[in-house]
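Remember, it's 1-based here, ligands and their atoms both numbered in the order they're listed. None of these values were measured; they are calculated from a predicted model. Every heavy atom of this structure was used, including side-chain atoms; hydrogens, water molecules and symmetry mates were not. Note that the numbering runs from 1 along the sequence shown for the chain.
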Amino acid sequence: MNDTTQDSPKLSWWRRLSNGLKRTSSSLGTAVADLVTKRKLDRAMLDDIEDVLLRADLGTSVAVRIADAVGTGRYDKAISADEVKDVVATEVEKVLAPVAKPLEIDAGKKPFVILVVGVNGSGKTTTIGKLSQKFASEGRKVMLAAGDTFRAAAIEQLKVWGERTRTPVIAGAQGSDSASLAFNALTAAKEQGIDVLLIDTAGRLQNKAELMNELEKVVRVIRKVDDTAPHAVLLVLDATVGQNALSQVEAFHRTAGVTGLVMTKLDGTARGGILVALSEKFKLPVHFIGVGEGVDDLAPFTARDFARAIAGIES
Ligand SMILES: Nc1nc2c(ncn2[C@@H]2O[C@H](COP(=O)(O)OP(=O)(O)OP(=O)(O)O)[C@@H](O)[C@H]2O)c(=O)[nH]1
Ligand SMILES: [Mg+2]
């Protein structure tokens, strides 16, 4: 932290992102540099570049496209690692640009209901804390709902975030029904003129049908109070899980109608490339990325910064 205190918030955030993605970008960069030295570009080199990109979790179609773009007009010529990195950044940015969208709060919905879902430990509760801070700092009235009724510690954890961000928390007893908690919270939020209601949910594995059905019930019950809600369903994904994120998106999208993604833990993983594969495949909006455990460690997702960080281009 100390060496970043002098930086502007933007630079410090960029540094954390590019440091976090360093394991992805440096293994990619080293491999590319090894490949291109003292060789002229040929099909075999492009295949090798494709392999490097696949190992960085970018996904097959993006890897093929980047290799093709590298090859275009460069056969039988020497090529530098920097040239390859530039092509990687350009092609990755093309995939990410259409999905990099801010989370828009419709002020006409009172409250604007955000349901936060994801597998165990992905960073849901922490992300809610960070979002609560952000919305409150924009002058909105925020309320949190402790819809993870499964564990007592989960309720406590949300209450701590509530205190830290001076936000009311609606919670029930441990083991109570999470759908009725959501119902009560939304009813209270309406009565109190709340602008944004953030609903936490218990972590659940995407292949456990019973738990996924419970999530469906939460959505159904919320609609009894407001048939336009939830207005956003955020799927929180842990970047460190790599390829498993693909089946998480599929299952949660099917069950809860995910409207946008938040990817956490990008501050320390070699697997950040998975966000590119996800964007290519599902084209769901990516709203935020988590780059640390603190309240301010949530950044809006920007395609160009992320693409350059992945490619290992210095800011
Ligand atoms: N480094 C880092 N850690 C994070 C980030 N987001 C969350 N964490 C940490 O990940 C752990 C799990 O976070 P939680 O917010 O409790 O995750 P959850 O999805 O609510 O977990 P369950 O409720 O158990 O399903 C905590 O130790 C967080 O501090 C992030 O962006 N970067
Ligand atoms: Mg939680």
Atoms of protein origin (N, O or S) under 2.8 Å from the Mg ion (ligand 2):
Thr125 OG1
Output a table of donor-acceptor pairs, distance under 3.5 Å, between side-chain atoms of residues 97-118 and any protein atom two or more places apart or on a different chain; print 'none' if there are none.
residue, atom, partner, partner atom, Å
Asp106, OD1, Gly108, N, 2.8
Lys110, NZ, Asp195, OD1, 2.6

Under 4.5 Å between side-chain heavy atoms, hopping through other hydrophobics if needed: is there a path connecting Ile170 to Ile222?
yes
Co-membership, hydrophobic cluster, residues Leu234 and Leu266, 4.5 Å side-chain
no
Between Asp42 and Arg39, does any side-chain N to carboxylate O distance fall below 4.0 Å?
yes
With no hydrogens and no angle check, do the side chains of Ser247 and Gln206 hold a donor and an acceptor under 3.5 Å apart?
yes
For atom CZ of Phe288, is the number of surrounding heavy atoms from other residues, nucleotides or ligands below 6.0 Å larger than 12?
yes
Verdict with reasoning, Asp305 to Thr302, per side-chain hydrogen bond (donor to acceptor under 3.5 Å, both in side chains)
CA-CA 6 Å; Asp305 286 347; Thr302 52; 3.1 Å; yes
Mind jotting down which protein residues get a heavy-atom contact under 4.0 Å with ligand 1? Chain and number order, please.
Val119, Asn120, Gly121, Ser122, Gly123, Lys124, Thr125, Thr126, Lys130, Asp148, Arg151, Gln157, Gly203, Thr264, Lys265, Asp267, Gly290, Val291, Gly292, Glu293
Sequence neighbours excluded, which residues qualify as side chain to side chain contact (heavy atoms under 4.5 Å, CB included) partners of Thr149?
Ser176, Ser178, Leu181
Check: Thr240/Asp238 side-chain N/O donor and acceptor closer than 3.5 Å
yes
